[in-house]
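Written out below as structure tokens is the structure these notes cover.
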Amino acid sequence: MKIEMEKVFKPCEIEEKWFSFWDEKGYFIANNKSEKEKYTIVMPPPNITGSLTMGHVLNNTFQDIIIRMKRMQGYEVLWLPGIDHAGIATQNVVERELAKEGKTRFDLGREEFLKRVWKWKEKYGDLILKQLKKLGVSCDFSRTRFTMDSELSEAVIEAFVRLYEKGLIYKGFYIINWCPRCTTALADDEVEHREIVGKLYFIKYPLKEGGFITVATTRPETMLGDTAVAINPDDKKNKHLIGKIAILPFINREIPIIGDEIVDPEFGTGCVKVTPAHDRNDFEIGERHGLEKVIVMDIFGKMNENAGKFKGLERFEARERIVKELEEMELLSKIEEYKHSIGECYRCHTIIEPYLSEEWFVRMLPLAEKAIAAAKNKEIIFFPTSYEKNYYNWLENVRDWCISRSIWWGHRIPVYECEKCGNIMVKRKTPKECVKCKSKKIKQEEKVLDTWFSSWLWPFSTMGWPKETEDFKKFYPTDTLVTGWDILFFWVARMIMAGIEFTGKVPFKNIVLTGMVRDEKRRKLSKSLGNSPDPLDLIKKYGADGVRFSMCLITPEGQDVLFSEKKMEIGRNFANKLWNASRLLFLNYENEISFDKNKLYIEDKWILYSLDELIKNVTKDLENFAFVDAAWKCYKFFWNEYCDWYLEFIKDRFKDKEKKKYALYIAFYVIEKFLRILHPFMPFITEEIWQKLPFPDKKESITISEWPAPSGFSYKEEYEDFEFIKKMITIIREIRGEYNIPINQKLNLFLRWLGSSSKKNIFIERIEEIKRLSFINEVEFIDTPIKKCAFATCEGVEIYIPIEGIVDIEKERKRIENEIEELKKHVNKIKKRLMSEDFVQKAPKEIVALNEKKLNEFNEKIEKLKIYLEHL
RNA sequence: GGGCGGGUAGCUCAAUCUGGUGAGAGCAUCGGCUUCACAUGCCGAAGGUCGUAGGUUCAAAUCCUACCCCGCCCACCA
């Protein structure tokens with residue numbers, strides 16, 4: 001029975017097939033009957049509105065690698081997929097849809113709008129999970145969760161109530177980051193800062209007693225809300241003004257000039273307009289001095305009734321108008337160019353307005369302290385470790401977390417107010433009546449919770465917490481989290497805090513942080529730049545395996561990845577190489593293979609030794625989440641050892657039916673183990689090939705096969721011997737390359753064997769293969785040197801290749817002279833070292849010996865080259 | 001201002017923690033090859049005073065100090 005294989009590996013045909021096979025067999029479902037240890041990975045839930053990005057590809061590939069290895073190692077694994085409801089983003093998407101119909105969410109009303117969002121969710125919400133499947137992720141889709149599921153929502157409410165009852169949640173008026181487009185508050189870390197060249201306006205405020213005071217501002221429109229001017233009390237130039245009264249233009253409000261130390265006398269004029277309702281610092285000044293807080297804008301960023309005649313203008317229009325009118329009134333003393341940074345909404349990139357608003361906050365300090373302690377006690381380990389410092393740095397300076405959002409899509413805050421007596425109730429279930437006055441008129445807080453307030457519970461809310469479910473008992477706390485470093489604070493640190501606070505346990509042991517995927521110019525991938533490839537296109541073109549393996553190969557640990565489509569070729573080419581190497585074996589396979597330890601050749605032992613090393617190293621690397629190292633080791637083993645040397649070497653044996661039996665056995669044996677090692681990286685192609693392998697008692701699928709262990713043969717010596725043969729062949733090839741002798745021009749080889757005689761025996765044993773691989777016609781052993789040859793030495797063996805008529809003897813002379821020069825340089829270095837008494841006395845014996853050995857070796861080589869040069 | 005990371009071949013990175021073999025890969029470049037698994041391939045070559053200056057050491061890409069660049073995060077920014 002011949003096994004047919006196409007010349008070029010076509011991934012698309014097999015990916016669908018194998019994924020459904022595994023899925024139907026339920027291999028990914030955590031098997032509750034297993035008695036083995038469990039292993040859990042927390043999948044970062046992708047955003048419901050998003051589609052698959054290269055970032056997802058990267059960290060999901062890594063997660064899949066771990067989970068597949070652990071599954072093969074016999075752990076009971078759980079990798080639970082899910083999506084988060086992405087409050088602001090989703091609401092934006094649906095609002096945009098509505099806008100096409102000419103409607104706003106207010107036209108629909110809260111209830112109808114939410115129905116609309118749910119409808120949208122049902123339609124598009126699982127797109128990203130479908131896309132992830134194409135990548136081959138082996139998560140347990142039967143346990144898919146969504147942050148707005150009723151169980152998860154219960155968890156959110158539970159968490160809120162518990163924190164509130166502990167006094168860790170409070171409500172208050174503060175300056176928050178307001179996005180006028182999304183009409184909601186944002187947490188500090190949801191604001192992206194961008195440096196711009198803006199303008200600094202110098203505005204003269206008339207003094208009540210006559211004269212002016214000049215203030216500087218980048219946001220003139222906020223002046224309408226000014227309630228003071230502040231000066232540093234130590235500012236000699238200006239302090240005489242403190243206590244006087246200024247008159248606010250347009251509004252004609254009398255505002256005091258006050259002293260406050262926060263003011264930098266060196267900046268601008270040294271006088272600061274104070275707008276407590278529109279600036280965080282000004283707010284603090286306002287608190288210290290008991291100033292009035294005048295809000296001049298509405299939630300859409302339009303000037304309100306406090307803005308006098310500017311009412312109704314959009315904030316930037318108002319700015320222009322105000323500047324123009326100030327100029328006409330001769331109250332604008334100058335405008336300077338000024339570089340400063342502005343905050344933008346991370347969802348819609350609208351400029352953030354610092355805004356006074358009543359919001360809900362979580363006190364972070366008590367939570368942060370425990371999270372720091374957990375890392376210090378090594379209950380949490382970071383990969384790479386350097387991120388631990390960032391983690392401490394953030395937690396030590398943590399600020400309270402603004403968790404309320406003035407949008408509709410999300411978990412509505414479980415706070416209820418009695419409309420009759422004003423009693424505030426924080427309840428798990430909507431109260432039917434006021435506990436105080438029994439009134440049935442109760443209204444719930446309008447605001448919803450920040451999406452992260454549900455995500456930070458993800459590791460346990462997905463397992464049924466607060467209920468003590470079987471899953472929760474078994475799989476929590478989890479083992480590993482793999483995610484990008486960009487959400488270390490947003491999400492990772494908060495999950496740790498939540499885990500400790502609500503379950504008393506850190507939610508995971510290992511945190512593996514991956515870099516960001518960027519383009520070759522180090523820019524972030526983004527749709528607007530057009531540098532963001534569609535992973536699904538890449539998968540179509542290079543195969544899921546190709547993309548996965550390429551990403552592993554090009555991603556330095558914890559550092560950013562510079563992506564280019566060209567780089568995807570590495571993985572695809574490797575898949576093809578793997579395919580064709582297998583093809584070679586199958587083409588030669590005739591239903592007969594067998595194993596006999598006594599019939600192993602030197603190259604068999606060499607590859608077996610090498611395979612054992614690979615298994616040990618890759619297992620170790622993967623256990624340390626060193627995916628790149630592991631992937632490169634697989635790559636090099638297979639391509640540069642198994643294909644380039646082993647397969648090339650054993651081909652001769654395929655011609656003899658008897659020898660082929662044994663050769664093929666080892667070839668299949670090695671590839672079989674290698675496929676299992678490679679399977680976590682390239683799940684599809686490994687399965688496809690593995691299924692064809694002629695080992696009758698293998699498992700039904702490679703996915704549930706055992707993770708390989710070293711075979712334990714000890715062939716270290718044979719390994720070295722074969723390395724010598726490789727070196728001989730390489731040297732001969734180098735000579736040929738040096739003279740550009742085409743390989744179809746056969747050369748003869750003369751060897752003066754002054755090296756090890758056991759190696760000579762091995763050499764003679766495999767002489768046919770060696771001749772073939774070094775493109776040599778005849779080999780002859782000689783006792784005396786011969787002239788007019790290309791010459792080289794290898795471990796004492798003198799190599800002569802007659803070159804007369806093929807190349808210039810002068811060229812050979814030069815080549816050898818160069819070689820001698822090179823060697824002399826090193827010899828001198830080593831000599832110098834060895835001549836130093838300090839070195840000989842102080843350096844470790846092995847090092848001295850090594851140097852001596854090298855020196856001898858080099859000198860010997862030089863001598864030989866010199867002698868040869870003389871009689872060339 | 002606070003913190004983190006980096007500077008090694010034209011490009012992207014190993015090796016640095018734990019000092020010691022002729023500093024290694026991949027891509028790009030150059031030369032040779034249609035050898036019956038693979039041109040998504042095979043065989044070779046060229047390319048590096050390891051950011052700069054000191055120091056420690058028998059020995060420094062590796063440790064220490066200073067400096068120069070580059071990137072990132074946090075805070076501030078009237």
Side-chain angles (χ1 to χ4, degrees), chain A residues 5 7-9 188-189 193 200-202 215-219 222 230 262-264 267-275 279-282 338-342 384-387 389-390 392-394 396-397 399 485-486 488-489 516 520 522 542 546 553-554 556 558-562 564 566-567 569-570 572-588 628-629 632 635-636 643-644 647-648 651 730 733-744 772-775 822-823 825-826 829-830 833 836-844 846-848 850-851 853-854 858:
Chain A
M5 283 173 96
K7 200 164 163 182
V8 171
F9 171 60
D188 288 339
D189 44 17
H193 293 273
L200 187 60
Y201 303 87
F202 290 76
V215 298
T217 180
T218 53
R219 295 187 295 147
T222 62
I262 200 170
V263 180
D264 174 5
F267 189 89
T269 57
C271 310
V272 181
K273 60 190 269 315
V274 182
T275 325
D279 184 280
R280 192 167 291 173
N281 277 333
D282 292 4
Y338 178 60
K339 211 172 164 191
H340 63 124
S341 77
I342 49 158
T385 44
S386 53
Y387 282 102
K389 289 172 196 159
N390 290 5
Y392 292 138
N393 193 251
W394 185 77
E396 279 158 10
N397 300 295
R399 297 183 164 196
W485 53 253
D486 56 329
L488 179 58
F489 310 135
M516 298 293 100
E520 285 193 302
R522 291 185 188 276
Y542 301 96
L553 290 173
I554 66 169
Q559 290 177 57
D560 289 352
V561 201
L562 307 190
S564 79
K566 174 99 179 119
K567 289 179 178 167
E569 288 176 6
I570 311 174
R572 180 204 54 183
N573 293 357
F574 185 74
N576 195 53
K577 188 75 181 174
L578 179 59
W579 184 255
N580 276 295
S582 319
R583 192 162 163 253
L584 172 69
L585 304 189
F586 291 123
L587 285 174
N588 282 286
V628 214
D629 295 354
W632 275 113
Y635 184 95
K636 284 178 178 159
C643 292
D644 289 351
L647 290 184
E648 290 304 333
K651 271 178 186 172
T730 304
R733 285 170 174 174
E734 275 168 14
I735 291 172
R736 186 184 285 272
E738 198 71 47
Y739 291 110
N740 291 338
I741 304 167
I743 50 165
N744 47 25
R772 179 167 52 82
L773 294 182
S774 52
F775 308 101
E822 274 301 297
L823 285 168
K825 266 190 231 161
H826 296 296
K829 230 200 249 170
I830 299 172
R833 204 177 294 159
S836 142
E837 264 180 49
D838 279 335
F839 174 73
V840 179
Q841 282 167 17
K842 291 182 187 169
E846 315 90 75
I847 301 293
V848 178
L850 199 68
N851 274 277
K853 200 180 136 204
K854 279 280 157 196
F858 287 164

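So you know, we letter chains A, B, ... as the sequences are listed, proteins then strands, and number each from 1.
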Next on the checklist: With rounding to the nearest 0.5 angstrom, report the CZ to CD1 distance, A:R733 to A:I741.
Outcome noted: 14.5 Å
Checklist entry - Looking only at heavy atoms, what is the nearest atom pair of A:C643 and A:A581, with distance? => result SG-CB, 3.8 Å
Checklist entry - Heavy atoms under 4.0 Å, any strand shown: does A:L488 hit a base, just sugar-phosphate, or nothing? => result nothing
Item to check | Donor-acceptor contact present, side-chain A:N576 to main-chain A:R572, <3.5 Å | outcome: no
Checklist entry - Once the angle between the rings of A:F858 and A:H826 is folded into 0 to 90°, is it parallel (under 30°), tilted (30 to 60°) or perpendicular (over 60°)? => result tilted
Item to check | Separation of the P atoms in B:rA15 and B:rU8, to the nearest angstrom | outcome: 14 Å
Item to check | A:N573 side chain near B:rG41 phosphate (N/O to OP1/OP2, under 4.0 Å) | outcome: yes
Checklist entry - Is A:K853 touching bases, backbone alone, or none of the nucleic acid, heavy atoms closer than 4.0 Å? => result nothing
Checklist entry - Any side-chain heavy atom of A:R219 sitting closer than 4.5 Å to one from A:T275? => result no
Next on the checklist: Treating primed atoms plus P, OP1 and OP2 as sugar-phosphate and everything else as base, which nucleotides of nucleotides 42-51 of chain B get B, S or - for protein heavy atoms under 4.0 Å?
Outcome noted: SSSS------
Next on the checklist: Once you apply a heavy-atom cut-off of 4.0 Å, does A:V8 come out as touching a base, just sugar-phosphate, or nothing?
Outcome noted: base
Checklist entry - In chain order, what residues pass the ring-ring contact (aromatic ring centres under 6.0 Å, His included) check against A:F202, with sequence neighbours excluded? => result none
Checklist entry - Contact class for A:V628 vs. all strands (heavy atom < 4.0 Å): base, sugar-phosphate, or nothing? => result nothing
Next on the checklist: On a heavy-atom basis, which atom in A:E648 and which in A:R772 lie closest, and how many Å separate them?
Outcome noted: O-NH2, 2.6 Å
Checklist entry - What integer distance in Å separates A:L647:CG from B:rC36:C1'? => result 15 Å
Next on the checklist: As a test of your reading of the structure, name each stem of RNA chain B as range with range, where a stem is three or more consecutive Watson-Crick or G-U pairs at under 3.5 Å.
Outcome noted: B:1-7 with B:68-74, B:10-13 with B:24-27, B:29-33 with B:41-45, B:51-55 with B:63-67
Next on the checklist: Are A:M516 and A:D486 packed together at the side-chain level, in the sense that at least one heavy-atom pair is separated by less than 4.5 angstrom?
Outcome noted: yes
Item to check | B:rA59 to B:rU21 separation - C1' atoms, rounded to the nearest Å | outcome: 14 Å
Item to check | Polar side-chain atom of A:R583 near backbone of A:V8 as donor-acceptor pair, under 3.5 Å | outcome: no
Next on the checklist: Can you list, in residue-number order, the parts of residues 267-275 of chain A that come under 4.0 Å of RNA chain B, counting heavy atoms only?
Outcome noted: A:F267, A:V272
Next on the checklist: Using whole Å, what does the distance between atom P of nucleotide B:rC38 and atom CG of A:L587 come to?
Outcome noted: 8 Å
Item to check | Rounded C1' spacing from B:rU62 to B:rG20 in Å | outcome: 11 Å
Checklist entry - C1' atom, B:rA60 versus B:rG55: distance in rounded Å? => result 11 Å
Item to check | Rounded distance in Å between the C1' positions of B:rC36 and B:rG31 | outcome: 26 Å
Checklist entry - Roughly how far apart, to the nearest Å, are B:rC11 and B:rC58 at atom C1'? => result 38 Å
Checklist entry - With the sugar-phosphate defined as primed atoms, P, OP1 and OP2, and the base as all remaining atoms, what B/S/- string results for nucleotides 20-26 of chain B, 5' to 3', for protein heavy atoms under 4.0 Å? => result BSB--SS
Next on the checklist: I'd like to check A:L585 versus A:L647 (side-chain heavy atoms, cut-off strictly below 4.5 Å). Are they in contact?
Outcome noted: yes
Item to check | Selected nucleotide, minimal atom distance to A:N740 side chain, candidates B:rG31, B:rG5, B:rG2 | outcome: B:rG31
Item to check | A:R572 vs B:rG41: side-chain N/O to OP1/OP2 distance below 4.0 Å | outcome: no
Next on the checklist: Taking any heavy-atom pair under 4.0 Å as a contact, classify A:S836: base, sugar-phosphate, or nothing.
Outcome noted: sugar-phosphate
Next on the checklist: Nearest 0.5 angstrom please: A:N390 CG to A:Y392 OH, how far?
Outcome noted: 11.5 Å
Checklist entry - Counting side-chain heavy atoms from CB outward, which of B:rG32, B:rC4, B:rC27 is closest to A:N390? => result B:rC4
Checklist entry - Would you say A:K567's side chain and A:L562's backbone share a donor-acceptor pair under 3.5 angstrom? => result yes
Checklist entry - Given atom NZ of A:K566 and atom C1' of B:rU29, what is their separation to the nearest angstrom? => result 13 Å
Next on the checklist: Over all strands shown, is A:D264 touching base, sugar-phosphate only, or nothing at heavy-atom distances under 4.0 angstrom?
Outcome noted: base
Next on the checklist: I want to verify a distance call: between B:rG3, B:rC72, B:rA37, whose nearest atom is closest to the A:R583 side chain?
Outcome noted: B:rA37
Checklist entry - So A:F489 and A:W394, would you call those rings parallel, tilted or perpendicular, with 30° and 60° as cut-offs? => result parallel
Item to check | Smallest separation among heavy atoms of A:V561 and A:I554, with atom names | outcome: CG1-O, 3.5 Å
Checklist entry - Between B:rC63 and B:rG19, how far is it from one P atom to the other, in whole Å? => result 9 Å
Next on the checklist: Please check this pair: side chain of A:Y387 against backbone of A:L488, looking for a donor-acceptor N/O pair closer than 3.5 Å.
Outcome noted: no
Item to check | Nearest-angstrom distance from the residue atom CE of A:M5 to P of B:rA37 | outcome: 14 Å
Item to check | Integer angstrom distance from the C1' of B:rC43 to that of B:rU49 | outcome: 32 Å
Item to check | Interatomic distance where CH2 belongs to A:W485 and C1' belongs to B:rG6 [whole Å] | outcome: 14 Å
Checklist entry - A:H340 vs A:Y338 aromatic rings, parallel, tilted or perpendicular, using cut-offs 30° and 60°? => result parallel
Checklist entry - How does protein reach along nucleotides 11-19 of chain B, written 5' to 3' as B (base within reach of a heavy atom under 4.0 Å), S (only sugar-phosphate), or - (no contact)? => result -SSS-----
Item to check | Nearest-Å distance for atom pair CG/C1', residues A:N393 and B:rC73 | outcome: 8 Å
Checklist outcome for this item: Assert: residue with more 5' nearest nucleotide on RNA chain B, out of A:N397 and A:K389, is A:K389
Checklist entry - Between the side chain of A:R736 and the main-chain N/O of A:F775, is any donor-acceptor distance below 3.5 Å? => result yes
Next on the checklist: For the CE atom of A:M5 and the CG atom of A:L584, what is their distance to the nearest 0.5 Å?
Outcome noted: 10.5 Å
Checklist entry - What integer distance in Å separates A:M516:CE from B:rG71:C1'? => result 14 Å
Next on the checklist: Could you tell me how far apart A:W394 (CH2) and B:rC72 (P) are, to the nearest whole angstrom?
Outcome noted: 21 Å
Item to check | Non-hydrogen atoms of A:V628 and A:L553 that approach each other most closely | outcome: CG1-O, 3.5 Å
